[in-house]
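As the structure lists them, so they are numbered: ligands from 1, and atoms in each ligand from 1.
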Amino acid sequence: MSRIRGLKCRECGRLYPVEAIHVCEDCFGPLEVDYDYELIRTRISRESIAAGPRGLWRYRDLLPIEGERVVDIGAGLTPLVRADNLARELGLRELYIKNDSVNPSYSFKDRPVSVASSKAIQFGFDTLACASTGNLACSVAAHAARAGLRACVFIPADLEQGKILGAAIYEPTFFAVDGNYDDVNRLCSEVVDQYNWAFVNINLRPYYSEGSKTLAFEVAEQLGWRAPDHVVAPIASGSLFTKLWKGFNELRKVGLIDSLDVRMSAAQPLGCSPVYTAFVDGTETVRPVRPNTIAKSLAIGNPADGYYCLKIVAESRGSCEAASDPEIVEGIKLLARTEGIFTETAGGVTIACLKKLVAAGKIDPDEVTVAYITGNGLKTQEAIADHVVQPVRIAPTIESFQAALREREPALA
Ligand SMILES: *Cc1c(COP(=O)(O)O)cnc(C)c1O
Ligand SMILES: [Zn+2]
């Protein structure tokens with residue numbers, strides 16, 4: 001018997017076989033992988049997971065891959081850091097940073113792409129592709145290299161050097177599109193109709209998105225098999241946010257955690273905040289916007305899962321927050337200064353929003369809180385280059401050093 005029942009429409013519930021499809025023919029709702037949790041419950045245990053590989057594939061029983069072969073560049077099991085310095089500064093009792101910026105291609109995208117590329121191989125595709133805001137292109141190109149697949153990646157033309165280089169090094173077929181992400185996505189939706197390629201976040205989206213659940217599984221395991229009280233995570237398309245929620249709920253369904261009472265709060269850049277705006281306006285309709293923000297990895301003006309994010313925020317009694325460009329820079333610097341973690345602009349959004357949520361009383365000081373840091377600061381150097389200390393140029397002599405020290409740090413001299 002299979003633990004995977006097939007794909008299921010989120011809207012009308014129609015069932016589909018496991019194929020490279022992503023929308024319902026009847027109602028155009030998104031398709032989602034449907035599991036037999038009763039069966040999984042009999043197979044999975046905290047012990048079986050602990051005995052598994054040291055990476056995201058330890059949660060394989062809850063991922064949509066059957067058979068042995070997976071594409072693995074070493075994603076997952078990233079640090080969950082107890083952030084006491086930052087907690088003190090914000091006024092929280094117990095705060096953790098899930099530092100997913102240290103995955104092999106330096107963002108959490110390695111999780112969904114590890115799953116999607118494994119599925120692409122099972123389906124027999126020879127080309128892995130994506131419409132990307134940057135990090136996804138890096139991850140797709142890296143996984144394709146590892147798997148011996150061709151890669152074809154599409155990005156908006158105005159991305160940071162770190163993201164362009166971070167993908168280019170793996171030698172994908174690489175297109176920079178004159179337009180924003182929503183233009184890229186529209187183009188790729190046409191490409192997928194004419195070329196038999198595995199677009200990880202289009203025709204393989206139901207499988208791709210499942211990989212993000214491992215960010216819920218890991219946090220629960222690292223907390224000693226319990227869910228946090230409050231989670232703060234960023235939204236671009238909303239895939240990660242919805243899958244964190246699905247992941248925590250699955251843990252309870254299969255009996256790996258006893259109870260679940262997690263509040264889910266969403267973070268967006270103010271310059272691209274369609275979900276936040278709908279939340280503030282008290283409507284379920286997410287109106288597309290034209291992005292203008294330094295958080296380019298979150299610059300999706302028309303988020304596919306925005307509506308579901310709003311429902312999760314409401315159901316979990318969470319909140320939504322948004323951060324301006326200067327607040328994003330401050331957020332990046334705050335995390336670096338307090339915890340020694342260098343995140344990209346998306347992480348700056350998360351930290352800035354965390355700070356605002358605590359200040360506004362939306363996160364209780366006693367809630368065990370986890371903030372998801374999803375990407376690495378070395379990829380968005382442009383955003384902070386003018387906001388960090390410059391080294392003092394000195395001659396290689398003790399006199400020059402001491403003169404400079406007296407000037408810069410009299411207290412130390
Ligand atoms: C892609 C991305 C996200 C969120 O993406 P979703 O489309 O909402 O799943 C968050 N942070 C970083 C750094 C990303 O690259
Ligand atoms: Zn449907």
Side-chain angles (χ1 to χ4, degrees), residues 7-16 21-32 34 98-103 105-113 116 130-140 155 159-160 162-163 166-167 181-182 185 200-202 205-206 208-213 215 232-247 264 266-269 272-275 286 291 293-306 308-309 312 328 332 342-351 353 371-380 383:
L7 298 178
K8 190 176 182 181
C9 175
R10 277 194 79 144
E11 290 304 318
C12 73
R14 179 172 162 187
L15 278 170
Y16 292 83
I21 49 173
H22 67 295
V23 281
C24 178
E25 287 169 7
D26 290 344
C27 75
F28 302 108
L31 302 182
E32 194 172 40
D34 191 38
K98 179 59 171 170
N99 183 10
D100 227 37
S101 72
V102 296
N103 276 304
S105 83
Y106 305 102
S107 84
F108 92 95
K109 291 295 198 302
D110 288 337
R111 298 173 184 274
V113 174
C130 67
S132 173
T133 57
N135 285 316
L136 186 55
C138 302
S139 188
V140 162
I155 57 166
L159 284 192
E160 305 94 340
K163 302 227 173 102
Y181 173 82
D182 299 284
N185 193 40
V200 297
N201 57 339
I202 303 180
R205 189 173 180 86
Y208 160 87
S209 57
E210 289 289 293
S212 295
K213 294 188 309 191
L215 264 172
V232 181
I235 290 181
S237 73
S239 173
L240 165 64
F241 196 82
T242 56
K243 294 299 166 165
L244 284 172
W245 177 244
K246 187 179 182 191
M264 301 276 304
Q268 287 207 295
C272 182
S273 48
V275 176
V286 179
T293 170
I294 58 170
K296 294 175 194 281
S297 53
L298 302 181
I300 297 184
N302 189 11
D305 292 314
Y308 298 108
C309 292
I312 290 165
I328 295 168
I332 295 173
F342 182 19
T343 185
E344 70 145 88
T345 43
V349 170
T350 301
I351 296 299
C353 289
Y372 281 94
I373 296 302
T374 47
N376 197 293
L378 288 171
K379 283 195 191 171
T380 61

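- E32 pairs by the salt bridge (Lys or Arg N to Asp or Glu O under 4.0 Å) definition with R10, K243, K246, not counting sequence neighbours.
- Sorted by chain and number, the heavy-atom contacts of ligand 1 below 4.0 Å come from F108, K109, N135, P234, I235, A236, S237, G238, S239, L240, S297, L298, E344, A346, T374, G375.
- Around the OH atom of Y372, the shell of radius 6.0 Å holds more than 12 heavy atoms that belong to other residues, nucleotides or ligands.
- The line from CG of L7 to CZ of R14 is 11.5 Å long, rounded to the nearest 0.5 Å.
- Here CG of D182 is found 10.5 Å from OG1 of T133. Values are rounded to the nearest 0.5 Å.
- S239 and D305 share no donor-acceptor pair across their side chains, judged by distance under 3.5 Å alone.
- Every salt bridge (Lys or Arg N to Asp or Glu O under 4.0 Å) that D100 has, sequence neighbours left out, goes to R111.
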Legend entry - Test log, rule side-chain contact (heavy atoms from CB on, under 4.5 Å), inputs I300 and I235: CA-CA 9 Å; I300 297 184; I235 290 181; over 6 Å; no
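- Interatomic distance, E344 CD to K163 NZ, rounded to the nearest 0.5 Å: 4.0 Å.
- Annotation: protein N, O or S atoms under 2.8 Å of the Zn ion (ligand 2) (waters excluded) comprise C9 SG, C12 SG, C24 SG, C27 SG.
- Remark: side-chain polar atoms of T350 are paired, donor with acceptor, to backbone N or O of A346 under 3.5 angstrom.
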